[in-house]
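Proteins get letters first, then strands, A, B, ... in listed order; numbering begins at 1 in each.
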Amino acid sequence: MPELPEVEVTRRTIAPGLHGAVVTEARLGKPLRWPLGCDPQQLAHRTVGLAQRRGKYIWLPLGAPLGGAAGQAGTPGDADADADADADAATGGLLIHLGMSGSLLLSQQPAEAGAHDHFDLVTTRGTLRLHDPRRFGAVVWSPALDREPAARLLAGLGPEPFDAALDAAGFHARLQARRAPIKQVLLSGQAVVGAGNIYACEALHVAGIDPRTPAYRLSRPRAGRLLQAVRDTLARALALGGSTLRDFHDAHGMDGAYQQQAAVYGREGQACPRCAAPVLRIVQGQRATYYCRACQRR
DNA sequence: AGTTAAACCTGGTTGC
DNA sequence: TGCAACCAGGTTTAAC
C-alpha cells in the first residue's frame with residue numbers, strides 16, 4: 001500500500017485537521033516494528049504541529065506539554081529524575097512509518113480499537129489511528145528529526161524526488177557508484193526516495209529501461225529520463241489520490257484511483273500497453289519485478 | 001565495502 | 001471443503 005504517493009496523500013489528509021490540536025491521550029496496541037520509545041502518557045498535553053514527510057516517513061511534531069504538567073515528577077535533589085523531567089518537557093515528535101500494510105485514519109468518533117489497530121493518538125480535534133495488520137509499521141518518539149532515533153532511521157535516505165536541487169547530473173552521479181540492477185537501486189532509495197516496488201517497475205517501463213541493467217551502466221541521458229519517469233509516475237499517482245493495488249485509502253477512508261493505471265505491475269502475461277508484447281515477471285532481491293522485454297532495454 | 005539473504009507478521013489467494 | 005504453499009505495498013539486520 002504505502003509508497004511515497006500514498007504516504008503523501010495520508011500526510012495531506014491528516015495535517016490540516018491535526019495542526020494545532022492538543023493530545024489528550026495515547027494508546028498502544030500490539031507491538032509494531034519498533035517500540036514507541038517513551039511512555040505514551042508523555043505525549044499528553046502536547047500541541048500537534050504541521051505533519052511533514054521525509055521519504056515514506058511522516059513526522060508529526062509535538063510541542064512541549066502545556067500547563068507545566070511535567071516537572072511535578074522529579075524529587076528535589078535527585079539529578080536523574082530532574083534530567084528525566086527535562087526530557088519529558090522538551091519538544092519532539094512522532095516518526096511514523098506505514099510499513100507494508102499500514103494506514104492512518106483521522107476520525108472524530110473512532111470505533112472501538114480492532115485487532116489491527118495498534119496506535120491511537122487522541123486529540124482535541126479527533127483521533128489519529130494506525131491500522132496495520134502486518135505490523136511492519138512503526139511509531140517512534142524522537143526529540144527532533146535530526147536527533148536519535150529519527151536521525152538514524154532517516155540517515156540512508158537519498159534526495160526527495162520533487163526536490164528541485166536534484167537534477168539529472170546529480171542523479172546520474174549517484175547511480176555511478178552502484179553495480180546492482182537499477183530496479184534494486186531504485187528500491188534502495190539511495191539515489192532518490194519514494195519509489196517502492198510498484199512505482200519502480202512503472203517508472204522503468206516509462207523510461208524504457210530494462211530493470212536488470214546495472215545502475216552504473218545507465219548513460220547520463222537515460223538517467224535523466226529515468227529521473228523524469230520517477231517524478232512523472234509518482235506525481236501522477238499523487239494526483240489520483242495515491243493507491244496502489246488493493247486496499248489503500250487515505251486518512252478519511254477514501255480509495256485512491258491509481259490501481260487501474262499500472263502498465264506492467266501485476267500484469268504478467270498481459271500485453272504491454274506500448275508494444276503489445278507480453279509482460280514478464282522476474283524476481284530481483286526477493287521482490288517481483290514486472291517489465292516488457294521488448295520495449296525496456298539495457 | 002557492497003551485495004544478497006533472512007527476518008519481522010498477518011491475511012488473502014491459489015492449488016492440490 | 002480443507003489445508004498447505006505462496007504471495008503481498010518496506011526496511012533493518014545479519015551473513016556471504
Name the stems with DNA chain C in them: runs of three or more consecutive Watson-Crick or G-U pairs, distances under 3.5 Å?
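So the stems come out as B:2-8 with C:10-16, B:10-16 with C:2-8.
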Closest to the [X] side chain: [options]?
| X | options | result |
| --- | --- | --- |
| A/Phe136 | B/dC8, C/dA8, C/dT12 | B/dC8 |
| A/Gln184 | B/dT4, B/dG11, C/dC7 | B/dT4 |
| A/Tyr57 | B/dT4, C/dA8, C/dT12 | C/dT12 |
| A/Pro133 | C/dT11, B/dG11, B/dT3 | B/dG11 |

Could you grab the distance from atom [atom1] of [X] to atom [atom2] of [Y], nearest 0.5 Å is fine?
| X | Y | atom1 | atom2 | value |
| --- | --- | --- | --- | --- |
| A/Ile282 | A/Tyr291 | CD1 | OH | 4.5 Å |
| A/Leu238 | A/Leu4 | CG | CG | 7.5 Å |
| A/Arg287 | A/Asn197 | CZ | CG | 4.0 Å |
| A/Gln296 | A/Cys275 | CD | SG | 9.0 Å |

Do any N or O atoms of the protein come closer than 3.5 Å to N or O atoms of nucleotides 14-16 of chain C, and which pairs are they?
none

Report the residue (A/Ala115 or A/Arg178) whose heavy-atom-nearest nucleotide on DNA chain B is the more 5′ of the two.
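Its nucleotide being nearer the 5' end, the pick is A/Arg178.
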On DNA chain B, check which nucleotide each of A/Gln286 and A/Gln190 is closest to and give me the residue with the more 5' one.
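Nearest-nucleotide comparison on DNA chain B picks A/Gln190.
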Counting any heavy atom closer than 4.0 Å, what does A/Ala288 reach on the DNA or RNA strands: base, sugar-phosphate only, or nothing?
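Contact class for A/Ala288: sugar-phosphate only.
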Indicate, with a heavy-atom threshold strictly under 4.0 Å, whether A/Leu153 touches base, sugar-phosphate, or nothing.
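The answer is sugar-phosphate, as A/Leu153 gets under 4.0 Å only of primed atoms, P, OP1 or OP2.
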Taking CZ in A/Arg298 as the centre, count heavy atoms belonging to other residues, nucleotides or ligands within less than 6.0 Å. Is the count above 12?
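Count over threshold, so yes.
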Looking only at atom types and distance, does a side-chain atom of A/Arg46 sit under 3.5 Å from a main-chain N or O of A/Gly63, one as donor and one as acceptor?
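Yes, because the side chain of A/Arg46 sits within donor-acceptor range (under 3.5 Å) of the backbone of A/Gly63.
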Please list each protein N or O that sits under 3.5 Å from an N or O in nucleotides 14-16 of chain B, with the distance.
none

State whether A/Arg287 places a side-chain N or O below 4.0 Å from either non-bridging phosphate oxygen (OP1 or OP2) of B/dA5.
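A/Arg287 to B/dA5 OP1/OP2: no side-chain N or O under 4.0 Å.
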Residue closer to the 5' end of DNA chain C, A/Arg152 versus A/Arg134 (nearest nucleotide):
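Looking at DNA chain C, the more 5' nearest nucleotide goes with A/Arg134.
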Is there a salt bridge (Lys or Arg N to Asp or Glu O under 4.0 Å) between A/Glu6 and A/Lys56 once you walk through the steps?
CA-CA 9 Å; A/Glu6 292 75 31; A/Lys56 296 169 190 168; over 6 Å; no
